[in-house]
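Report on the structure given below.
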Amino acid sequence: MERIIIEGGSALSGTVDIGGAKNAVLPLMASGIMVTDGTLILENVPRVLDVMTMKELLQSLGLKIEYSDNMVKISNSELSGFTPPVDFVTAMRASVLVMGPLIGRFGRVSTQLPGGCAIGERPIDQHLEAFKAMGARVDIQSNSVEVRCNRLKGTEFRFRISTVTGTENALMAAVFAEGETVLHNCAKEPEVAELAGVLNKMGAKITGAGTDTIRVRGVSSLKGVKHRVMPDRIEAGTYIIAGVLSGERIIVRNVIPAHIDALLRKLKECGADFQIKHDSIEVSGRKGLTGTDVVTEVYPGFPTDLQAQFMALMCFAEGRSVIKESIFENRFHHVNELRKMGADISLSGNVAYINGGRRLNGTVVRASDLRASASLVIAGLGAKGTTEIEGLEHLDRGYEKMEDKLLRVGAKIKRVRI
Ligand code: EPZ
């Protein structure tokens, strides 16, 4: 087992470079199933476990994939499978993203319903409803699902709830559908627009991505292209929060400020001091902060993927903060671990009440999901004494070399095998 060990209290200074967006890479990799000629090349791909899992999943379907340094090359000359292996589907929710491409291109997919995970039940009813609306037959037996159709037909469909991967799946399924598909109440996350932009470069005809309504005119082929993936807004937000707490002067570089506007507004509200530049945020941290309230919302609201990290920061801010998690039903696993460090947090349903301004003390804590693990690293940076974090398999799913990036700006942090 590995642990990250942090001696809290260091003043961090220097530059942190943000990598490519994991949650943009995953649907883009799945879209490689739809490339009818040539090779899809993705650059600026982070080296994280979720990308490795997607690579292995696509390889199990017969795609040829290279994943070296920060590049992924995908060609699907030998695509042979339509049944993503169960292990992948249960290991990573994003495995569901192969459904749209397989149904859209080959008219079939058989898979396991992705189980819930630490943060919630994670149903895919809206994905399946969208496929049905386009003419597919959906059969669910216990916890597996088979989707079949000859050729999807364009239709109008409204999502009951805003779903990021649901929108991405429907979008990809519609690319080869006959006629026009209009999708309403779509997710507006930047990763959806990134996917649509690359599909259009490949030959698709998609308009409206990034808004509530997306229109897709069916085409018959997609060609491979080369694309540099946009920066990861959640990784950026994570390091900006770390800089506000512990940074003397931290420059977080390769950022699209518009993608993290909701976070920046909240940081301003609690007294953080930072400058917004064209593609970086310059943080002068370690200022006295006051607590503020947050409700997580779909984009462009405050992202649920920064809730845990922001809560860690509020533990150090004077006064009371109230954080409501309105996207997932069970995304407070970090609370107990923060309490072990001395945080004063009480919960009522999906609302957390934080009485900040207390000193946190280092201790042994355990991460339970990807963003909770980042939250504990942030708390360790600000705490007094030594914090030891277990459960790094969660952290490594979505953060490339976090301890190296923090070490380079002066954190006393190391990863040890025990
Ligand atoms: C994406 O997950 C992200 N993952 C998540 O990031 C992110 O937290 C989430 O969007 C919300 O922003 C990827 O993009 C790979 P949803 P997704 O479908 O698409 C309910 C991370 O930390 N719902 O938008 O799976 C669902 O239960 C990960 O990087 C249905 O009810 O999330 C949830 O409550 C964690 N039926 C809400 O909608 C459906 O058919 C939002 O889920 C689909 C979703």
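When a ligand or atom number is given, it counts from 1 through the structure's own listing order. Nothing here was measured: the structure is a model prediction, and the numbers come from that model. Computed over heavy atoms, backbone and side chain alike; hydrogens, waters and symmetry mates excluded.
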Using heavy-atom distances, let me know which of [options] sits nearest [atom].
{"atom": "atom 2 (O) of ligand 1", "options": "Arg93, Arg371, Arg122", "answer": "Arg122"}
{"atom": "atom 6 (O) of ligand 1", "options": "Asp305, Ile327, Leu370", "answer": "Asp305"}
{"atom": "atom 44 (C) of ligand 1", "options": "Thr163, Val192, Asn330", "answer": "Thr163"}
{"atom": "atom 26 (C) of ligand 1", "options": "Ala372, Pro123, Gly120, Ser162", "answer": "Pro123"}

Exercise for review: Output yes when Glu400 and Arg47 qualify as a salt bridge under the 4.0 Å nitrogen-oxygen rule, no when they do not.
Suggested key: no
Check your understanding: Can we say Asp125 and Arg160 salt-bridge, meaning some charged N sits less than 4.0 Å from an Asp/Glu carboxylate O?
Key -> yes
Which residue holds the protein heavy atom closest to [atom], what is that atom called, and what is the gap in Å?
{"atom": "atom 36 (N) of ligand 1", "answer": "Asp125 OD1, 2.8 Å"}
{"atom": "atom 32 (O) of ligand 1", "answer": "Phe328 CZ, 3.9 Å"}
{"atom": "atom 11 (C) of ligand 1", "answer": "Thr304 CG2, 3.9 Å"}
{"atom": "atom 24 (O) of ligand 1", "answer": "Val164 N, 3.0 Å"}
{"atom": "atom 38 (O) of ligand 1", "answer": "Ile161 CD1, 3.5 Å"}
{"atom": "atom 17 (P) of ligand 1", "answer": "Thr165 OG1, 3.5 Å"}
{"atom": "atom 40 (O) of ligand 1", "answer": "Gln126 N, 2.7 Å"}

Exercise for review: Report the part of Glu121 (side chain from C-beta onward, or backbone N, CA, C, O) that has a heavy atom under 4.0 Å from ligand 1; answer both or neither where that applies.
Suggested key: neither
Check your understanding: Just heavy atoms, cut-off under 4.0 Å: does Gln307 contact ligand 1 by side chain, backbone, both, or neither?
Key -> neither
Check your understanding: Would you say Lys268 has more than 12 foreign heavy atoms packed within less than 6.0 Å of its NZ?
Key -> yes
Point to revise | NZ (Lys55) with more than 12 external heavy atoms under 6.0 Å | key: yes
Exercise for review: Consider every N or O of Asn23 and every N or O of ligand 1, then say whether any pair is closer than 3.5 Å.
Suggested key: yes
Exercise for review: Ignoring hydrogens and angles, tell me if any N or O in the side chain of Ser10 forms a donor-acceptor pair with the backbone of Ala411 under 3.5 Å.
Suggested key: no
Review point. Do any N or O atoms from the side chain of Lys223 and from the backbone of Lys201 form a donor-acceptor pair under 3.5 angstrom?
Key: yes
Point to revise | Proximal ligand 1 atoms for Arg160, defined as those under 4.0 Å from one of its heavy atoms | key: 31 (O)
Practice item. List the steps and the verdict of side-chain hydrogen bond (donor to acceptor under 3.5 Å, both in side chains) for Gln309 and Thr238. Key: CA-CA 6 Å; Gln309 301 90 314; Thr238 301; 3.1 Å; yes
Exercise for review: Please list, chain by chain and in numerical order, all residues satisfying ring pair (Phe, Tyr, Trp, His ring centres under 6.0 Å) with Phe157, sequence neighbours excluded.
Suggested key: Phe159
Study note, to complete from the structure: Residue set satisfying ring pair (Phe, Tyr, Trp, His ring centres under 6.0 Å) with Phe106, at least two apart, ordered chain then number -> Phe82
Check your understanding: Will you find, in the side chains of Thr296 and Glu325, an N or O donor that is under 3.5 Å from an N or O acceptor?
Key -> yes
Looking at ligand 1, does [X] have a heavy atom less than 4.0 Å from it?
{"X": "Arg331", "answer": "yes"}
{"X": "Lys22", "answer": "yes"}
{"X": "His127", "answer": "yes"}

**Study point:** Reported CD1-to-CZ distance for the pair Ile389 and Arg366, which is rounded to 0.5 angstrom
**Key:** 11.5 Å
